[in-house]
Participant: 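Below: one structure in structure tokens.
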Amino acid sequence: MQPERAPITPHLRIRRYRGHTVLEFRGEIDIAAAIEIIPDLDAVTGRPAPQIVIDLRRVEFFDCSGLRLLYRARHRVTTRGGRLLLVCTHPLTLRILRVTGLAQLVPPAASLDEAIGQTEPASDAS
């Protein structure tokens, strides 16, 4: 595992892990955080066939702005032939993902290794 890099923004760190780009969201993911995250999210999801993991384990608060980031990432990745994986362990965030149906589109895993071990590519069934 590579050492942790300095944050891109207070709410985002990006690193490589086992051939995937990991976007680690941190702290409170609200509208202000989303505005900071979008440019970097778009940069990594705009490449051909991106292999992306969004890691929500260090998120303390997650609202509809966070959901929009996940849907945006999913759309951008799947339209470019890539794969989006999700890591999440927080019970309230998991509940939000289930209630909104996002957990069916991008099933959350408990760890990076578990997420990357998934073999099913994300489909664009939206």
Participant: I need the minimum non-hydrogen distance between Phe25 and Leu69, along with the two atoms involved.
Facilitator: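 Closest approach of Phe25 to Leu69, heavy atoms only: CE2-CD1, 3.9 Å.
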
Participant: So do Val106 and Leu70 actually touch side chain to side chain, heavy atoms under 4.5 Å?
Facilitator: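 When only atoms from C-beta onward are counted, Val106 and Leu70 do not touch, as no gap falls below 4.5 Å.
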
Participant: On a heavy-atom basis, which atom in Cys88 and which in Pro108 lie closest, and how many Å separate them?
Facilitator: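 In this case the closest contact between Cys88 and Pro108 is CB-CB, 4.2 Å.
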
Participant: Over all heavy atoms of both residues, which pair between His20 and Ile116 is shortest? Give the atoms and the distance, please.
Facilitator: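 So the two residues come closest at CE1-CG2, 3.5 Å.
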
Participant: If you look at every heavy atom in Arg76 and Gly46, which pair is closest and at what distance?
Facilitator: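 Nearest heavy atoms, Arg76 then Gly46: NH2-CA, 3.4 Å.
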
Participant: So do Arg74 and Leu105 actually touch side chain to side chain, heavy atoms under 4.5 Å?
Facilitator: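 Leu105 vs Arg74: side chains touch.
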
Participant: Do Ile54 and Val87 have side chains that approach each other closer than 4.5 Å (heavy atoms only, starting at C-beta)?
Facilitator: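 A side-chain contact is absent here, since even the closest heavy-atom pair is not under 4.5 Å.
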
Participant: Take atom CZ in Arg95; do more than 12 heavy atoms of anything else shown fall under 6.0 Å from it?
Facilitator: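 It does not: Arg95 CZ has 12 such atoms or fewer within range.
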
Participant: Is there a side-chain contact between Leu97 and Leu86 (heavy atoms, below 4.5 Å)?
Facilitator: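 A side-chain contact under 4.5 Å exists here.
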
Participant: When you measure from the side chain of Arg16 to the backbone of Gly19, do you find a donor-acceptor pair of N or O atoms at a distance under 3.5 Å?
Facilitator: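 Looks like yes, one N/O pair under 3.5 Å.
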
Participant: Answer with yes or no whether the side chains of Tyr17 and Asp113 bring together a donor and an acceptor at under 3.5 Å.
Facilitator: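 Side chains of Asp113 and Tyr17: pair found under 3.5 Å.
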
Participant: Evaluate the criterion side-chain contact (heavy atoms from CB on, under 4.5 Å) for residue pair Thr21 and Val53; output intermediate values, then yes/no.
Facilitator: CA-CA 6 Å; Thr21 301; Val53 181; over 6 Å; no

Participant: Quick check: closest heavy atoms across Ala115 and Leu85, and the distance to 0.1 Å?
Facilitator: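 Heavy atoms only, the tightest pair is O-CD1, 3.4 Å.
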
Participant: Work out which heavy atom in Thr45 is nearest to a heavy atom in Pro50; give both atom names and the distance.
Facilitator: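 Closest approach of Thr45 to Pro50: O-CG, 3.9 Å.
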
Participant: Can you tell if the side chain of Ile29 reaches within under 4.5 Å of the side chain of Asp63, non-hydrogen atoms only?
Facilitator: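 No, their side chains stay 4.5 Å or more apart.
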
Participant: With rounding to the nearest 0.5 Å, note down the distance linking OG1 in Thr89 to CZ in Arg58.
Facilitator: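 Result: 11.0 Å between the selected atoms.
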
Participant: So, applying side chain to side chain contact (heavy atoms under 4.5 Å, CB included) with Pro10, which one of Glu28, Arg26, Glu36 is it?
Facilitator: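 Of the listed options, the one satisfying the test is Glu36.
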
Participant: So, are Asp42 and Arg72 salt-bridged, with charged N and O less than 4.0 Å apart?
Facilitator: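 The answer is yes: the pair qualifies as a salt bridge.
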
Participant: Rounded to the nearest 0.5 Å, what's the gap from CZ on Arg13 to CG on Asp55? Could you check?
Facilitator: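 CG of Asp55 is found 12.0 Å from CZ of Arg13.
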
Participant: Side-chain contact test, heavy atoms from C-beta onward, threshold under 4.5 Å: evaluate it for His90 versus Arg57 and give yes or no.
Facilitator: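 The answer is no; the side chains never approach within 4.5 Å.
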
Participant: Less than 4.5 Å apart, any side-chain heavy atom of Leu102 and any of Leu67?
Facilitator: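 Touching, per the 4.5 Å side-chain cut-off.
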
Participant: Compare all side-chain heavy atoms of Ile31 with those of Arg68 and state whether any distance is below 4.5 angstrom.
Facilitator: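 Of all side-chain heavy-atom pairs linking Arg68 with Ile31, at least one is under 4.5 Å.
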
Participant: Let's go through Asp40 and Thr9 carefully: what are the C-alpha distance in whole Å and the side-chain angles of both, what is the deciding distance for side-chain contact (heavy atoms from CB on, under 4.5 Å) to 0.1 Å, and is it a yes or a no?
Facilitator: CA-CA 9 Å; Asp40 296 302; Thr9 78; 4.0 Å; yes

